[in-house]
Amino acid sequence: MRCLAFLFAFATLLSSVQADPQTEVEFGMSHLGLSNTHTAKISRKLRLRMPVFGGTQGQRIAHAGDTYGGSFSAPARHIMADYFPNNSGLHLSAGISVGSGNVTGSTQNPRLGGTTYMGRYDFEIAQDRPIAPVASVGYEHHLGDRLGLSAEVGARFSRLEITTTDKNPLTPAQRSAFNNQIDHINETLAQAPVIPFVSLGLVLNF
């Protein structure tokens, strides 16, 4: 809260300076993680933007009635071109995502497909490729020459997949059945062709 108060006070001070803003810095948050964004205006209707996401947070993952604990990490950046069709603050964006967020964790004695597999299993859920196209729709509301608020809804055109590792002494039949269950989960994840995201931010203009 103190950091937010400092940012707001700093932005309010900047808003008293009269100049034509050419660049912006944005601090925000989304379920991809905390972000900071640098932008450069090319013209009244076009700008370039690079959001950088980071941070780690705990996650609970549910599947078939079981809940697994893990941590979510989002080291990624988007390189975006924003097009403003009018003066309303609405912008249409397209670009690429470099890097990918992932969920890592472990579970004890998981139950998959009606069978309990004894032992500890480490897992990772990540994008199937580190570079993916991105598209979004966003809106900025300026509170003055130097301060604004932003919101964005978009998607990475990539799929999620799960991988597991363990050292448990499963029989060949158990190992085959376990791998088949993981394949079934990945088939389910592959039915979602995009990874959606929503973000909110505080914009400082310079």
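All of these numbers come straight from a predicted model, not from anything done at the bench.
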In the structure I gave you, are the side-chain heavy atoms of [X] and [Y] within less than 4.5 Å of one another anywhere?
X: Leu147; Y: Val203; value: no
X: Tyr117; Y: Leu112; value: yes
X: Asn36; Y: Val25; value: no
X: Asp82; Y: Leu92; value: no
X: Thr116; Y: Pro110; value: no

Any link between [X] and [Y] through a network of hydrophobic side chains (Ile, Leu, Val, Met, Phe, Trp, Tyr) touching at under 4.5 Å?
X: Val153; Y: Leu200; value: no
X: Val194; Y: Val134; value: no
X: Tyr83; Y: Met80; value: no

Original post:
Shortest non-hydrogen contact from Arg129 to Ser158?
Top reply: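 Scanning both residues, the minimum pair turns out to be CG-OG, 3.8 Å.
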Original post:
Residues two or more places apart in sequence or in another chain: which of them pass salt bridge (charged side-chain N to carboxylate O under 4.0 Å, His left out) with Glu152?
Top reply: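 So Glu152 forms a salt bridge (charged side-chain N to carboxylate O under 4.0 Å, His left out) with Arg49.
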Subject >> For Glu140, all residues meeting salt bridge (charged side-chain N to carboxylate O under 4.0 Å, His left out), sequence neighbours excluded >> reply: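 Listed in chain order: Arg47.
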Report the distance from atom [atom1] of [X] to atom [atom2] of [Y], rounding to the nearest 0.5 Å.
X: Ile79; Y: Ile96; atom1: CD1; atom2: CD1; value: 4.5 Å
X: Thr164; Y: Tyr121; atom1: OG1; atom2: OH; value: 8.5 Å
X: Thr188; Y: Ile162; atom1: OG1; atom2: CD1; value: 11.0 Å
X: His78; Y: Ser93; atom1: NE2; atom2: OG; value: 11.0 Å
X: Met29; Y: Ser35; atom1: CE; atom2: OG; value: 9.0 Å
X: Leu160; Y: Leu189; atom1: CG; atom2: CG; value: 6.0 Å

Subject >> Side-chain donor-acceptor contact under 3.5 Å, Glu26 with Thr39 >> reply: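 Distance-only check fails for Glu26 and Thr39.
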Original post:
Are side-chain N/O atoms of Arg159 and Gln127 paired as donor and acceptor at under 3.5 Å?
Top reply: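 No, because no side-chain N or O of Arg159 sits under 3.5 Å from a partner of the opposite role on Gln127.
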Original post:
By the rule that ILVMFWY residues connect when side-chain heavy atoms come within less than 4.5 angstrom, directly or transitively, which residues belong alongside Phe84?
Top reply: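 Via sub-4.5 Å side-chain contacts, Phe84 links to none.
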Original post:
Should side-chain heavy atoms under 4.5 Å link Ile, Leu, Val, Met, Phe, Trp and Tyr, which residues sit in the same cluster as Ile42?
Top reply: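 Leu46, Leu48, which link up through side-chain heavy atoms under 4.5 Å apart, make up the rest of the cluster.
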Pairing residues for [X] by the side chain to side chain donor-acceptor pair (under 3.5 Å) criterion, not counting sequence neighbours:
X: Arg77; result: none
X: Asn87; result: none
X: Ser43; result: none
X: Thr37; result: none

**OP:** Return each pair, listed once, that meets salt bridge (charged side-chain N to carboxylate O under 4.0 Å, His left out) where at least one residue sits in residues 175-191; pairs must be two or more places apart or across chains.
**Re:**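 Residue pairs with at least one partner in residues 175-191: Asp166-Arg175.
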**OP:** Just grab all the ring-ring contact (aromatic ring centres under 6.0 Å, His included) pairs involving residues 125-167, residues at least two apart or on different chains.
**Re:**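 Not a single pair qualifies under ring-ring contact (aromatic ring centres under 6.0 Å, His included).
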**OP:** With sequence neighbours left out, write down each residue that passes side chain to side chain contact (heavy atoms under 4.5 Å, CB included) with Gln174, or none if nothing qualifies.
**Re:**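 Residues passing side chain to side chain contact (heavy atoms under 4.5 Å, CB included) with Gln174: Leu170, Thr171.
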**OP:** Please identify each residue that fulfils side chain to side chain contact (heavy atoms under 4.5 Å, CB included) with Arg120, with sequence neighbours left out.
**Re:**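 With sequence neighbours excluded, Arg120 shows a side chain to side chain contact (heavy atoms under 4.5 Å, CB included) to Ser106, Gln108, Asp122, given in chain and number order.
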